[in-house]
Amino acid sequence: MEAAAGTALTDLVAAGGCAAKYSAARLEELVKGLVPAEHADLLVGLAPADDAAVYRLDDDRAIVFTLDFFPPVVDDPGDFGAIAAANALNDVFAMGGRPLLALSIAAFPEELPTDVLGRVFEGARERVVAAGGILAGGHTLRDPEPKYGLAVVGTVHPDAVWTKARARPGDALFLTKPLGTGLVMTAHKGGLVGTDELTEAVDWMRTLNAEAADVVRRFEPGAVTDVTGFGLLGHAYEVAQRSGVRVHLAAAALPALAGALVAAEAGALTGGDRRNRDFAGPHVDLDGVPDALVSLAYDPQTAGGLLISIPADRAVTLAAEFAAHDLFLARVGSVEAGSGVVLT
């Protein structure tokens, strides 16, 4: 569906979804110049940064606060709103929390019909409700390039916060969604893959990580993060760096969306691919991995799955629980002593 007669949402932007993220390498340098807030109740802030901030209210409650927004990644307004909302809500799930309240962050050209904006907001509202939260307002600006997202507040027990910093040698690594959203969407615009492949990618991007997080919560995971704009290798490097370990990924085990490897083999790459290589590349060892799988691992994801480390002796039980709930799960590697990331 197009935004208006003759105008597709993605035609109005230079880059869509999480591929529009600021360079991770430049962001890392920028954040170095900020003095982290020091407060006994700030459980997660900038030292180090994670998927959301966490502030302890009392012995039993902490708030999780995040925001995320981006330009359109698809042309259908309802899908755009749902995907942008899922992407923001998933940051709360990645911290072990549950969403409570969300506010819209919106910027749209005045020329877009109001019913287009209405479908964006409705797509987002439906995802917020599905996540157990309330969409309670927001702020909208005029902007030639449309953008949408959410600021989200959730809750978590102070002793049950998930971060990127607790992976341990011997842990198994799992991923809860297949990879390749950036590749598929780029390839679809170029005519390299069809509508069926795009529809599958959109369905995954609309999918909340709520059910996956509910299962993982019972297993007291080590490190958890959601795989988004920095790609699997970028986020795996963050886990390795924060935890002081080496992340070992098995290239042959990486799950791919239909059409993603075809797109990679044809040379379809997003702008975020280069920025992700600049960020994580110096810390990644590649051992004879085919170029298409390397591209898949660097591909910026929008509303991607959770990357989870868990003690290896719980891996079989975790997989069985995911299967019992008919949820996707792929074992993609392990955690070792050392540093950086290796993809073999």
Side-chain angles (χ1 to χ4, degrees), residues 31-32 34-69 84-105 124-139 149-168 171 174 176 208-228 235 238-239 241-245 303 305-311 314 318 321 325:
V31 171
K32 283 181 183 177
L34 299 177
V35 178
E38 295 185 7
H39 195 289
D41 290 320
L42 183 63
L43 304 183
V44 181
L46 288 175
D50 214 288
D51 293 311
V54 182
Y55 184 88
R56 178 171 49 211
L57 297 175
D58 53 39
D59 290 344
D60 298 315
R61 297 175 302 160
I63 58 170
V64 182
F65 187 32
T66 187
L67 65 87
D68 211 315
F69 64 99
N87 191 71
L89 293 159
N90 283 345
D91 281 343
V92 175
F93 296 124
M95 303 300 294
R98 294 180 172 89
L100 283 179
L101 189 68
L103 298 176
S104 290
I105 303 167
R125 187 200 65 81
E126 185 276 329
R127 290 289 79 192
V128 173
V129 171
I134 302 168
L135 184 57
H139 188 67
L150 298 176
V152 187
V153 173
T155 59
V156 66
H157 193 283
D159 297 331
V161 178
W162 299 342
T163 73
K164 303 172 185 177
R166 293 173 187 153
R168 297 292 178 262
D171 282 358
F174 290 91
T176 67
L208 296 165
N209 288 333
E211 292 183 271
D214 283 344
V215 174
V216 172
R217 203 171 277 114
R218 306 171 210 162
F219 288 82
E220 299 179 353
V224 180
T225 188
D226 59 335
V227 179
T228 54
H235 290 287
E238 289 183 321
V239 170
Q241 181 189 49
R242 307 285 201 274
S243 300
V245 297
L306 299 175
L307 177 64
I308 304 155
S309 81
I310 195 166
R314 303 179 195 169
L318 178 71
E321 281 294 305
H325 288 80

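Separation of atoms CG (Leu306) and CG (Asp226) is listed at 6.5 Å; rounding is to 0.5 Å. Note: Arg168 CZ to Ser243 OG = 6.0 Å, rounded to the nearest 0.5 Å. Here the straight-line distance linking atom OH of Tyr55 with atom CD1 of Ile63 works out to 8.0 Å at 0.5 Å rounding. Going from atom CG of Leu135 over to atom CG of Leu150 covers 6.5 Å, rounded to the nearest 0.5 Å. Expressed to the nearest 0.5 Å, how far CZ of Phe219 lies from CD1 of Ile310 amounts to 6.0 Å. The CZ atom of Arg218 sits 5.0 Å away from the CD atom of Glu321 when rounded to the nearest 0.5 Å.
The shortest non-hydrogen separation linking Ala210 to Phe93 is CB-CZ, 3.4 Å. Between Ala131 and Leu89, the shortest heavy-atom distance links the atoms CB-CD1, 4.0 Å. Across all non-hydrogen atoms, the minimal contact from Ala165 to Ala223 is N-CB, 4.5 Å. Nearest heavy-atom pair across Ala52 and Val64 is CB-CG1, 3.6 Å. Across Ala84 and Gly149, no two heavy atoms sit closer than the pair CB-CA, 4.3 Å. Pairing each heavy atom of Ala88 with each of Val152, the nearest pair is CB-CG2, 4.1 Å.
The side-chain heavy atoms of Thr163 and Arg242, taken from C-beta on, include no pair separated by under 4.5 Å. The side-chain heavy atoms of Met95 and Val54, taken from C-beta on, include a pair separated by under 4.5 Å. Taking 4.5 Å as the limit, some side-chain heavy atom of Asp60 sits within range of a side-chain heavy atom of His157. Side-chain atoms of Leu43 and Pro158, non-hydrogen and from C-beta on, do get closer than 4.5 Å to each other.
By the ring-ring contact (aromatic ring centres under 6.0 Å, His included) test, Phe65 is found to be paired with no residue, residues two or more places apart in sequence or in another chain being considered. For Asp51, the side chain to side chain donor-acceptor pair (under 3.5 Å) partners at least two apart in sequence or on another chain are Thr225. Annotation: side chain to side chain donor-acceptor pair (under 3.5 Å) contacts of Arg61 (sequence neighbours excluded): Asp58. Every side chain to side chain contact (heavy atoms under 4.5 Å, CB included) that Leu103 has, sequence neighbours left out, goes to Ala136.
Note on residues 128-138: no pairs pass salt bridge (charged side-chain N to carboxylate O under 4.0 Å, His left out), not counting sequence neighbours. Within the structure, side chain to side chain donor-acceptor pair (under 3.5 Å) pairs that include any residue of residues 88-98 comprise Thr66-Asp91 (at least two apart or interchain).
More than 12 non-hydrogen atoms from other residues, nucleotides or ligands lie less than 6.0 angstrom from CG of Leu57.
Between the side chain of Asp50 and the backbone N or O of Lys164 there is at least one donor-acceptor pair closer than 3.5 Å. Between the side chain of Arg314 and the backbone N or O of Glu220 there is at least one donor-acceptor pair closer than 3.5 Å.
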Is there a side chain to side chain contact (heavy atoms under 4.5 Å, CB included) between Val129 and Arg125? Walk through the geometry before answering.
CA-CA 6 Å; Val129 171; Arg125 187 200 65 81; 3.5 Å; yes

Start with the C-alpha distance between Val216 and Trp162, add both sets of side-chain angles, then the distance that settles side chain to side chain contact (heavy atoms under 4.5 Å, CB included), and finish with yes or no.
CA-CA 11 Å; Val216 172; Trp162 299 342; 3.8 Å; yes

